[in-house]
Amino acid sequence: MDKDFSTREENYSKWYNDIVQRAELAENSAVRGCMVIKPYGYAIWEKMQAALDKMFKDTGHSNAYFPLFIPKSFFSKEADHVEGFAKECAIVTHYRLKNAPDGKGVVVDDSARLEEELIIRPTSETIIWDTYRNWVQSYRDLPILVNQWANVVRWEMRTRMFLRTAEFLWQEGHTAHATEQEALEETYRMLDVYADFAENFMAIPVLKGIKSENERFAGAVETFCIEALMQDGKALQAGTSHFLGQNFARAFDVKFASKEGKLEYVWATSWGVSTRLVGALIMAHSDDHGLVLPPKLAPIQVVIVPIYKNTEQYNLVCEHARKIKASLEQKGLLVKLDDRDTHKPGWKFNEYEFKGVPVRIALGPRDVENKTLEIARRDTLEKNIIPADQLVPHVEALLDTIQKNLFQRALKFREENTRRADNWDEFVQLIEEKGGFVLAHWDGTAETEEKIKEATKATIRCIPFDTGKEPGRCVFTGKPSQGRAVFARAY
RNA sequence: CGGGGUGUAGCGUAGCCCGGUUAGCGCGCCUGCUUUGGGAGCAGGAGGUCGCAAGUUCGAAUCUUGCCACCCCGACCA
């Protein structure tokens with residue numbers, strides 16, 4: 001045994017890092033702030049990509065690809081946008097190296113300075129809208145419904161695996177529309193897609209809502225988001241969908257001739273989710289035994305561990321195991337038979353627990369004789385002996401049960417950790433002592449939000465869509481408020 | 001960039017205050033035998049520029065100075 005897992009209560013941050021390491025999801029790289037995503041971690045991301053990509057296609061979108069480099073001047077065209085990203089950009093200034101004068105290694109060749117610096121994209125609105133100008137002339141060219149799977153770079157001061165890395169993988173959708181109405185509908189539609197994905201694939205309940213002015217995307221008219229609650233009581237922004245109005249169309253001069261023959265600016269949206277979702281998955285479901293994956297996103301849904309004492313038994317048990325594997329695979333399940341002779345069963349049990357494999361089947365000579373199997377589920381760690389001929393329907397039903405149970409468990413957690421605060425003392429106490437989502441009245445001003453943040457580190461995660469109108473008084477200023485906002489400390 | 005901390009084998013660490021044989025231990029790794037239904041046992045073995053550099057000293061992992069790296073807490077943020 002290397003070492004035991006840290007527990008969630010002891011040190012949440014260490015617990016999280018242990019899981020990333022022990023489940024072989026990722027590791028720090030030689031480049032500060034950047035991580036290496038290992039094959040198992042990447043396989044989870046690929047499952048997410050596949051599900052999301054299908055949802056995008058089902059809603060009429062196509063994939064395309066735009067350059068990694070963005071000319072510096074593009075950033076100056078939208079004032080809020082440049083303001084929002086200026087402080088975290090990686091910049092390419094030269095295009096050549098040369099041998100060092102002292103013969104030791106290489107140095108930047110000063111004579112190879114770029115006339116205009118290139119920014120490594122922190123997000124692609126600018127390069128995409130510069131391109132869309134050429135794609136749009138008439139209302140017949142609209143809408144443009146394009147998504148890009150790419151990497152982006154944001155030079156963050158402090159990084160955490162998956163949650164905030166200097167380089168991260170994501171998808172960014174960028175759409176162009178003839179009318180404000182249509183663009184708004186698209187913004188809502190994609191937020192719904194994200195919420196659907198979070199709840200039905202990741203098994204993480206999310207709040208849908210609008211961002212306050214402070215938290216709004218740089219350059220957007222309105223930002224919608226899904227917010228999830230992690231097990232340490234902190235909130236995580238899991239996805240955003242932005243209504244960009246005509247801001248980028250004006251900045252990049254993207255106009256079209258309408259049916260009425262008038263020249264108008266195009267309406268825009270953009271929306272994205274990133275590898276941060278892998279971090280959300282880890283933090284939402286894992287326990288002190290390691291990662292817990294929802295079946296729909298598990299690269300291995302069922303693992304079979306053979307148990308044996310000698311070569312004869314090994315051959316017998318593995319023969320049965322291969323048949324079991326084939327019968328499950330016939331139903332489209334992702335099954336791994338771990339027939340390695342280099343590790344013992346107990347070792348393997350632990351390993352697949354670290355890795356969050358939803359269902360484990362143990363199969364030994366005793367089972368072959370009795371025509372039974374031992375089935376263990378990762379979410380509750382329960383073990384059962386079942387008749388071998390019931391295996392396939394049993395596993396199918398169990399995977400479904402686990403998927404639903406994880407969601408219900410996370411939902412229960414969120415409900416237990418969502419509280420109302422009606423005055424300042426209550427608010428501070430809840431944020432400090434309990435964490436979680438705190439629903440409170442707020443006077444609607446950026447200044448008040450800023451002061452609340454300074455005092456408690458809590459920010460407005462969103463103003464939920466489904467919060468009804470409820471008159472009240474701001475917990476900080478006492479000024480009138482129309483409804484409650486969701487406050488929390490966030491990642 | 002501020003405040004704190006840590007650098008010793010692949011990983012985790014003891015030793016440092018108070019300088020002195022061959023730098024100790026656990027995990028992992030290699031070999032052999034016995035094992036295999038929840039991280040096996042025994043025996044043997046390999047593996048170290050003690051973060052880097054300079055200084056003090058007969059002698060430095062240990063003391064001094066400088067540098068570097070990483071971690072935690074802030075500021076920044078998906």
Side-chain angles (χ1 to χ4, degrees), chain A residues 1-6 11-14 17-18 21-22 27-33 83-89 122-123 151-172 194 211 214-218 220 223 225-228 235-242 270-280 289-290 305-314 317 339-354 360-370 372-376 381 383 385 453-454 457 459 461 489-491:
Chain A
M1 217 195 286
D2 310 358
K3 59 172 177 178
D4 287 317
F5 267 114
S6 314
N11 185 338
Y12 194 84
S13 155
K14 190 163 187 307
N17 286 332
D18 277 354
Q21 193 193 329
R22 300 290 287 280
E27 63 190 23
N28 283 316
S29 73
V31 184
R32 188 182 148 66
E83 169 110 18
F85 286 102
K87 283 179 281 182
E88 52 184 33
C89 285
T123 179
N151 56 342
V152 289
V153 169
R154 296 182 188 175
W155 212 262
E156 303 290 352
M157 294 285 164
R158 260 183 90 191
T159 58
R160 291 194 75 186
M161 299 262 211
F162 291 110
L163 299 175
R164 183 169 300 105
T165 43
E167 178 191 12
F168 57 92
L169 305 182
W170 77 345
Q171 63 62 221
E172 43 180 332
Y194 288 154
K211 281 289 185 197
N214 282 1
E215 300 280 323
R216 190 183 294 153
F217 176 73
T223 289
C225 63
I226 51 171
E227 290 285 328
L236 184 81
Q237 178 174 308
T240 47
S241 184
H242 312 292
S270 71
W271 27 273
V273 295
S274 71
T275 37
R276 169 177 259 207
L277 290 182
V278 178
H289 299 262
V305 178
I307 291 155
Y308 51 89
K309 286 189 169 55
N310 50 48
T311 311
E312 192 189 336
Q313 287 188 352
Y314 175 83
V317 167
D339 57 3
R340 286 177 300 175
D341 194 30
T342 49
H343 294 273
K344 295 175 53 182
W347 176 277
K348 294 175 185 174
F349 292 170
N350 281 290
E351 180 175 354
Y352 294 106
E353 265 163 31
F354 299 154
R360 184 187 69 228
I361 300 172
L363 169 63
R366 204 193 300 157
D367 295 301
V368 173
E369 193 179 325
N370 300 340
T372 57
L373 296 165
E374 184 193 87
I375 310 271
L381 298 169
K383 286 193 287 197
I385 307 286
K453 184 180 176 183
E454 274 170 34
K457 289 189 230 162
T459 51
R461 301 323 305 154
R489 286 184 181 157
Y491 277 99

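Chain letters run A, B, ... following the sequence lines, proteins first and then strands; every chain starts at 1. Not measured: the values here are computed from a predicted model.
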For the backbone of [Y] and the side chain of [X], can you confirm whether one donor and one acceptor N or O come within less than 3.5 Å of each other?
X        : Y        : value
A/Tyr308 : A/Leu363 : no
A/Lys309 : A/Pro365 : no
A/Glu27  : A/Gln21  : no
A/Asn350 : A/Trp347 : no
A/Thr275 : A/Phe168 : no

Spacing of the [atom1] atoms in [M] and [N] (rounded, Å):
N      : M      : atom1 : value
B/rC27 : B/rG19 : C1'   : 31 Å
B/rU13 : B/rA53 : P     : 24 Å
B/rG48 : B/rC25 : P     : 16 Å
B/rC52 : B/rA60 : C1'   : 15 Å
B/rC18 : B/rG28 : P     : 38 Å
B/rG24 : B/rU31 : P     : 25 Å
B/rG59 : B/rA14 : P     : 29 Å
B/rU8  : B/rC50 : C1'   : 4 Å

Q.
Ignoring hydrogens and geometry beyond distance, is the side chain of A/Arg22 in donor-acceptor contact with the base of B/rG39 at under 3.5 Å?
A.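 Yes, the side chain and the base share a sub-3.5 Å donor-acceptor pair.
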Rounding to an integer number of Å, can you tell me how far [X] [atom1] sits from [N] [atom2]?
X        : N      : atom1 : atom2 : answer
A/Met161 : B/rC72 : CE    : P     : 10 Å
A/Lys348 : B/rU36 : NZ    : P     : 15 Å
A/Asn28  : B/rC71 : CG    : P     : 6 Å
A/Ile307 : B/rG39 : CD1   : P     : 11 Å
A/Arg360 : B/rG37 : CZ    : P     : 12 Å
A/Arg160 : B/rC72 : CZ    : P     : 7 Å
A/Lys383 : B/rG37 : NZ    : C1'   : 8 Å
A/Asp341 : B/rU35 : CG    : C1'   : 12 Å

Nearest-neighbour nucleotide for the [X] side chain, [options] considered:
X        : options                : answer
A/Pro365 : B/rG37, B/rG38, B/rC76 : B/rG37
A/Arg366 : B/rG37, B/rG38, B/rC72 : B/rG37
A/Glu88  : B/rC72, B/rC76, B/rG38 : B/rC76
A/Tyr308 : B/rC72, B/rG37, B/rU36 : B/rU36
A/Lys87  : B/rC76, B/rG37, B/rC72 : B/rC76

I'd like a list of close polar pairs between nucleotides 40-47 of chain B and the protein, N/O only, cut-off under 3.5 Å.
from, atom 1, to, atom 2, distance (Å)
B/rA40, OP2, A/Lys344, NZ, 3.4
B/rA40, O4', A/Lys344, NZ, 3.1
B/rA40, N9, A/Lys344, NZ, 3.3

Practice task
Measure the spacing between CH2 of A/Trp271 and NE2 of A/His242 and express it to the nearest 0.5 Å.
Solution key: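 A/Trp271 atom CH2 to A/His242 atom NE2 measures 11.5 Å (nearest 0.5 Å).
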Holding to salt bridge (charged side-chain N to carboxylate O under 4.0 Å, His left out), I want the full list of residues that pass it with A/Arg154, two or more places apart in sequence or in another chain.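 Partners of A/Arg154 under the salt bridge (charged side-chain N to carboxylate O under 4.0 Å, His left out) test: none.
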With sequence neighbours excluded, what pairs up with A/Glu215 under the salt bridge (charged side-chain N to carboxylate O under 4.0 Å, His left out) test?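 Listed in chain order: A/Arg461.
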Contact class for [X] vs. all strands (heavy atom < 4.0 Å): base, sugar-phosphate, or nothing?
X        : result
A/Glu351 : nothing
A/Gln313 : nothing
A/Asn310 : nothing
A/Thr159 : nothing
A/Gln237 : sugar-phosphate
A/Leu236 : nothing

Taking all heavy atoms of A/Tyr194 and all of A/Thr240, pick out the closest pair and write down the distance.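 What the structure gives for the nearest pair is CE1-O, 3.5 Å.
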- Message: Closest-nucleotide mapping onto RNA chain B: is A/Ser13 or A/Ala376 further toward the 5' terminus? I mean the 5' end.
- Response: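 It is A/Ala376 whose nearest nucleotide is closer to the 5' end.
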### A/Val368 or A/Lys457, whichever maps to the more 5' nucleotide of RNA chain B
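In this pair, the answer is A/Val368.
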**Asked** So what stems show up for RNA chain B if we need 3 or more Watson-Crick or G-U pairs in a row, all under 3.5 Å?
**Response**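 Stem list for RNA chain B: B:1-7 with B:68-74, B:10-13 with B:24-27, B:29-34 with B:40-45, B:51-55 with B:63-67.
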Point to revise | Partners passing side chain to side chain contact (heavy atoms under 4.5 Å, CB included) against A/Thr159 (at least two apart in sequence or in another chain) | key: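 Residues passing side chain to side chain contact (heavy atoms under 4.5 Å, CB included) with A/Thr159: A/Glu156.
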**Asked** side chain to side chain contact (heavy atoms under 4.5 Å, CB included) with A/Lys383: which residues, sequence neighbours excluded?
**Response**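 In terms of side chain to side chain contact (heavy atoms under 4.5 Å, CB included), with neighbours along the sequence ignored, A/Lys383 is linked to A/Arg360, A/Glu374, A/Ala376.
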Assess whether a salt bridge exists between A/Glu227 and A/Lys211, defined as any Lys/Arg side-chain N lying under 4.0 Å from an Asp/Glu carboxylate O.
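Answer for the salt bridge query: yes.
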